[in-house]
Amino acid sequence: MGRIYNGMPAKDLGREGWSKPWSGGNGGSCVEAKKLNDGRVALRQSTDPDGPALIYTNLEITTFIQGAKAGQADFLL
């Protein structure tokens, strides 16, 4: 695998290892996540699996999840 960067085509990260931890009754439109070998996390839209992947460091994804659990993302609902 070549250089991993934010916005790269998700298909370049491989087809295996993607999961849908936030899947629900939304008609199949889900966020998919993949833990990368270097500890970073890639996110993609399930309806566009070949589209861009957003790449987050472990600290960034940890901070986001902790903030969401604390209600700091409730304004998105």
- request: Can you spot which of Thr63, Ile61, Thr62 makes a side chain to side chain contact (heavy atoms under 4.5 Å, CB included) with Ile65?
  value: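 For Ile65, the side chain to side chain contact (heavy atoms under 4.5 Å, CB included) test succeeds with only one of Thr63, Ile61, Thr62, which is Ile61.
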field: Full working for side-chain contact (heavy atoms from CB on, under 4.5 Å) between Ser19 and Glu32
entry: CA-CA 5 Å; Ser19 64; Glu32 295 181 326; over 6 Å; no
Once you round to the nearest 0.5 Å, how far does [atom1] of [X] lie from [atom2] of [Y]?
X: Leu43; Y: Trp18; atom1: CG; atom2: CH2; result: 7.5 Å
X: Asp12; Y: Ile4; atom1: CG; atom2: CD1; result: 10.0 Å
X: Gln45; Y: Leu54; atom1: CD; atom2: CG; result: 10.5 Å

field: Listed partners of Tyr5 passing side chain to side chain contact (heavy atoms under 4.5 Å, CB included), at least two apart
entry: Arg3, Met8, Pro9
field: Non-neighbouring partners of Ala68 that pass side chain to side chain contact (heavy atoms under 4.5 Å, CB included), sequence neighbours left out
entry: Ala73
query: If you look at every heavy atom in Ala10 and Pro49, which pair is closest and at what distance?
result: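 Between these two residues, the closest heavy atoms are CB-O, 3.3 Å.
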statement: Residue set satisfying side chain to side chain donor-acceptor pair (under 3.5 Å) with Thr57, at least two apart, ordered chain then number -> Glu60
message: If the condition is side chain to side chain donor-acceptor pair (under 3.5 Å), which residues does Asp50 pass it with, not counting sequence neighbours?
response: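 Testing Asp50 for side chain to side chain donor-acceptor pair (under 3.5 Å), a comparison that skips the adjacent residues, returns Arg15.
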- request: Quick one: which residue pairs count as a salt bridge (Lys or Arg N to Asp or Glu O under 4.0 Å) with a foot in residues 64-77, not counting sequence neighbours?
  value: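 Not a single pair qualifies under salt bridge (Lys or Arg N to Asp or Glu O under 4.0 Å).
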field: Heavy-atom donor-acceptor pair, Lys34 side chain to Leu13 backbone, under 3.5 Å
entry: yes
query: What pairs with Asp38 under salt bridge (Lys or Arg N to Asp or Glu O under 4.0 Å), at least two apart in sequence or on another chain?
result: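 If we apply the salt bridge (Lys or Arg N to Asp or Glu O under 4.0 Å) test to Asp38, skipping adjacent residues, the hits are Arg40.
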query: Has Asn37 got more than 12 heavy atoms of other residues, nucleotides or ligands less than 6.0 Å from its CG?
result: no
task: Show which residues join Leu76 in its hydrophobic cluster (side-chain heavy-atom contacts under 4.5 Å, direct or indirect), or state none.
output: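 Members other than Leu76 - counting any ILVMFWY side chain reachable under 4.5 Å - are Phe75.
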